Every structure is written in C-alpha cells, then in structure tokens.
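Predicted model, so just to flag it, every value in this text is computed and none were measured.
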Amino acid sequence: MRLRGFRPSWLSPKVARTEVLAGLVVALALIPEAISFSIIAGVDPRIGLFASFTMAVTIAIVGGRPAMISAATGAVALVIAPLNREHGLSYLVAAVILGGLIQVVMGSLGVAKLMRFVPRSVMVGFVNALAILIFAAQIPEMQNVPWAVYPLVAGGLALMVFFPKITKAVPAPLVSIAILTAITVAAGIAVPTVGGKGALPSSLPVPGLPDVPFTLDTLKLIAPYALAMALVGLMESLMTAKLVDDLTDTHSSKTREAIGQGIANIVTGFFGGMGGCAMIGQTMINVKNGARTRLSTFLAGVFLMVLCIVFGPIVSQIPMAALVAVMVLVAFGTFDWHSIAPATLRRMPAGELTVMAITVAAVVATHNLAIGVVLGSLTAMVIFAKRVAHLVNVTAVADPDGHQVIYSVTGELFFASSNDLVYQFNYATDPDKVIIDLTGAHIWDASSVAALDAVTTKYEARGKTVDIIGLNTHSAKMHDNLSGELASH
C-alpha cells in the first residue's frame, strides 16, 4: 500500500533539482559572509563557518519556516564580540548555549505571537533597511581594489539579468560565479578572492563543552550577552520568516521557528560555533532561486562544509566580485520600490510614512534590525493611540420635560482617549438625572473606568444621580470589577 499523501515534495526530480542548485548558490554566498562575521566577533574564521554549517543543518530539521536560511550573522556577532574580546572564546560559546536555551523558553511562552503587533509600515521599513544594509555591506569590497573588480561586478550583474532569458534550469547566480571564476583564473587576473578572507576549515567540527567554570559568577557574566543575543536573533528570525511568508504566499509556525532557533544555537554552541539567526540576504537568494522546502536549507549547510573541506582550493579562488554582484542584485530585488513611488507617497498617511522612515533610519544608523523594528513599532503605537484618542464623541440629548439628560458616548475608551472625557459634561446645568449611554463605546482599561468614576463623583457632589447603560459584556465586567476601587487614598 502506497501512502501518496506522505511523499515529501522535494522527492520530485524537478523540485529536488531546484532545491539542490539553490542550496549550492547559498553555500557559496555563505562562505565570505561567515568569515566576515567571524572577524566582527573576533574569532577564527572557522568558528563562523562551523556555526553556519550547524545552524543551517539543525534549523532545516527543527525550524518552522521552510526555505529560510539561518547561519552566523552580523547582528549576533556584534552582540557577543565584547564578551569574546574581554573573556575569550569559551565564554562566548557558553553564552551561545545559554542564549539558545532562552530562545527555547521564549518560544515556548509564545513570544512569536508578538509579531502580530508589527504593523505593515514597519515591515516595509524593515525590508527597505535590509536592502540598504545588504548593498552597503558590498561597498567596502569595491573600495581600494584593482580596476578589474568593477568590470567583473558589472559582468556578473549582466549575466544574472540576461541569463534567465535563455534558460532558468540553472540559477543565474551560480552561472555568474562559475564564469567569473573561470575568467579570473584563466586570465590570471589579480583581484580579491574568497581565500583572502581567511583560512577555510579542513575538517568537521567536534562537539564538546565550553571550558568555563560552571558557577553562578559565570552565569552572571554571560547572562546579559545571552539575553541580548536571544532577543536580537529571535527578532531578525521572526521578521525574516514573516517576509518569506509574504513572498511565497505560505504560512509558517512562528512558535516552532522561535524554538527551532534556540535548538540550533544550542547545537551550534556545543560544536564550538559563534551562534546565529536567520540570514535575510541568503534567504532572499534561496527564495528568489525558487527554493521552497527544507532541503535547500539543509543542503546549504552540507554544501558549505563540502566546499570548504573538499573543494577548498577551488572555492578560495572565487573572486569576491562575483559574490558582490550576487548580493547587489539581491539588494535591488529586496527593496520595495513601490513604497517610495511618488503616487504611493502622495496617498500614504503621514503617520505611516513617519513610521517607515524611523524604522529605516534606526536600522541603517545602528546596523541592528531589531532596534529599528522596536522603534518603528513603538512609534506606530504612539501614532495610533494619538489618532484613536480623537475618535471619542460625547453628545447630549435633553428630555423635553427637563427631568433628565442622556449622554451618548461613542468610540474606544482607553488611557489616551478617556483623559478628556471628564470635561465633556455640563455638571452645573444638567438636570437631576443623568444617563450615560455607552452602547457605541468600549472600555479597554482602568483609566477609562477611573474617568467614568470621576464623572459620577462630580455629579453626585451636586446631588445628582448617574446611570451608566449600554455596556457590552467585556466593558461591564471591567467596570464592575474596578469602579469605586481606583480612587487615591
């Protein structure tokens, strides 16, 4: 009996070919990136390469977002660099393991659900900032270099733009890397190469425990770095997962992704790696080349080690210009050009544009995507609260016989909108009976209950009675629980 429904999609020859080739392109692009991030963290290049290998292979199995690439990253490198500089590699590795444990705990507690509070304007700013950072990272590779680098970069871009018009059977970036490498080697052109970034490993990493004293003092030392690494890594990974969801029109489990990132970092730490998170640039390469399954992620890690250990001498001769061209095209394709089109800017509310601009500016200034997302989200919340605060209306309808007045309150009552509520009533001139109708309103917090209590108190001080009617179930429960309990003593 054949279980047709259980056949993985990557077993299809066409899908498998796409996944294999995409994984190979990503592996080639990972090598110089991992080496560069190792330098940022102040560790041997092999530490970053080992981390990229273990992160990719592990996350392919336990992660929640298929086709997303996780490896050693600059954001994590920046966070843990001071710890390595001041206390050494062993403490860095211990922090990576602890950071992974924190991510597992945070993922289990549902931290991924916080992604629902990231507005679209922040997401657009995140994507645009990402594109700018990817492009900016290539600029040093084009400064103070032999003149031959520039035509090689231009040639690589031309190949990737026009080759797909001939065939899409083979990823254009892979063709570009192969052709440019062949040209530079055959012609003996002296340009910066992958080998110039650092020595490639010649063997697989070996598991082991970090050589640190297992004491409370060690925990106090590494905990701040581990927490920072966990937060930055989760933020970048979950944002990347959401971006890939949008690009591929598929849904992924953010909770599983958060836990998977933690497991991947724990495994990476035990293999002596520097830790990491989702790599947005390499993920974009993977997705743009048609990858949609975990196979491409798994093979990216496997190919990375195979390329380093088996084909190290050949890989070392790949010109950096070829990889620069790939990343420049990725940056161009990642940027949301529609978001800055004149027609879009004319129609978009000023608040949305402000949030997007703050997100981009913060990310570019700090080189930290997490900081930009947090600042952008906080700005969006403040703008939203300010906007909604003005949507509460209070209208009065007097009874013809003059014995009572009915106030109709409509809108969302919370701390920003309820502050002025107390000033919307005519305490001195209103009749003896006052009815406040909240049918068209909703009470969200204690500030709103306190404001209603203040209104009631002002009327009662003048010998008048107040009836509050029309409360929905949630509002009635909050009002019954808190009314009369919020006055200061």
Side-chain angles (χ1 to χ4, degrees), residues 9-10 12-33 66-69 127-128 130-132 134-135 137-139 141-142 147-187 189 191 194 243-244 246-250 279-293 295-297 299-300 303 307 314-315 317-341:
S9 60
W10 49 264
S12 162
K14 183 178 179 180
V15 173
R17 183 186 64 191
T18 300
E19 299 293 314
V20 169
L21 293 175
L24 180 57
V25 175
V26 171
L28 289 168
L30 276 174
I31 294 173
E33 293 276 294
M68 193 167 81
I69 306 297
V127 170
N128 290 346
L130 159 67
I132 293 171
I134 292 175
F135 180 80
Q138 311 315 310
I139 294 177
E141 302 296 338
M142 294 185 283
W147 66 269
V149 167
Y150 305 109
L152 285 173
V153 171
L157 290 171
L159 279 169
M160 287 184 288
V161 170
F162 295 109
F163 186 79
K165 300 181 185 300
I166 301 173
T167 178
K168 294 183 179 179
V170 182
L174 185 58
V175 174
S176 175
I177 291 170
I179 291 177
L180 293 186
T181 302
I183 290 173
T184 55
V185 173
I189 302 174
V191 292
V194 170
L243 174 60
V244 178
D246 295 339
L247 288 173
T248 60
D249 292 324
T250 57
M279 291 195 77
I280 306 173
Q282 275 65 22
T283 297
M284 293 300 293
I285 293 174
N286 202 38
V287 173
K288 296 288 186 183
N289 281 315
R292 294 293 184 272
T293 76
L295 181 61
S296 57
T297 306
L299 290 179
F303 284 152
L307 288 169
I314 297 174
V315 171
Q317 297 184 65
I318 295 175
M320 285 301 300
L323 299 174
V324 167
V326 172
M327 299 308 292
V328 166
L329 197 64
V330 167
F332 185 85
T334 301
F335 197 91
D336 187 349
W337 297 100
H338 176 73
S339 67
I340 60 170

Are Val191 and Met320 close enough, and set up right, to give a side chain to side chain contact (heavy atoms under 4.5 Å, CB included), and what steps lead you there?
-> CA-CA 8 Å; Val191 292; Met320 285 301 300; over 6 Å; no
Working to the nearest 0.5 Å, report the span between [atom1] of [X] and [atom2] of [Y].
{"X": "Met284", "Y": "Leu247", "atom1": "CE", "atom2": "CG", "result": "5.0 Å"}
{"X": "Leu21", "Y": "Leu299", "atom1": "CG", "atom2": "CG", "result": "10.0 Å"}
{"X": "Glu33", "Y": "Leu28", "atom1": "CD", "atom2": "CG", "result": "12.5 Å"}
{"X": "Leu24", "Y": "Ile177", "atom1": "CG", "atom2": "CD1", "result": "8.0 Å"}
{"X": "Gln317", "Y": "Thr184", "atom1": "CD", "atom2": "OG1", "result": "7.5 Å"}
{"X": "Met327", "Y": "Ile285", "atom1": "CE", "atom2": "CD1", "result": "4.5 Å"}

Walk me through it: do Val26 and Ser296 pass the test side chain to side chain contact (heavy atoms under 4.5 Å, CB included)?
-> CA-CA 9 Å; Val26 171; Ser296 57; over 6 Å; no
For [X] versus [Y], what's the shortest heavy-atom pair and its separation?
{"X": "Val326", "Y": "Pro173", "result": "CG2-CB, 4.0 Å"}
{"X": "Ile340", "Y": "Phe335", "result": "CD1-CE2, 3.6 Å"}
{"X": "Val153", "Y": "Ala325", "result": "O-CB, 3.7 Å"}
{"X": "Thr283", "Y": "Ala67", "result": "CG2-O, 4.2 Å"}
{"X": "Ile69", "Y": "Ala300", "result": "CD1-CB, 4.3 Å"}
{"X": "Ser176", "Y": "Leu159", "result": "CA-CD1, 4.0 Å"}

Student check: side-chain heavy atoms of Val330 and Lys288 closer than 4.5 Å =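 No - every pair of side-chain heavy atoms lies 4.5 Å or more apart.
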Can you check whether Asn128's main-chain N or O pairs, donor with acceptor, with Asp336's side chain at less than 3.5 Å?
->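 No, because the side chain of Asp336 does not come within donor-acceptor range (under 3.5 Å) of the backbone of Asn128.
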Starting from the C-alpha separation in whole Å, work towards a yes-or-no answer on side chain to side chain contact (heavy atoms under 4.5 Å, CB included) for Phe332 and Phe135.
-> CA-CA 8 Å; Phe332 185 85; Phe135 180 80; over 6 Å; no
Derivation and outcome, side chain to side chain contact (heavy atoms under 4.5 Å, CB included), residues Leu323 and Glu141 | CA-CA 10 Å; Leu323 299 174; Glu141 302 296 338; over 6 Å; no
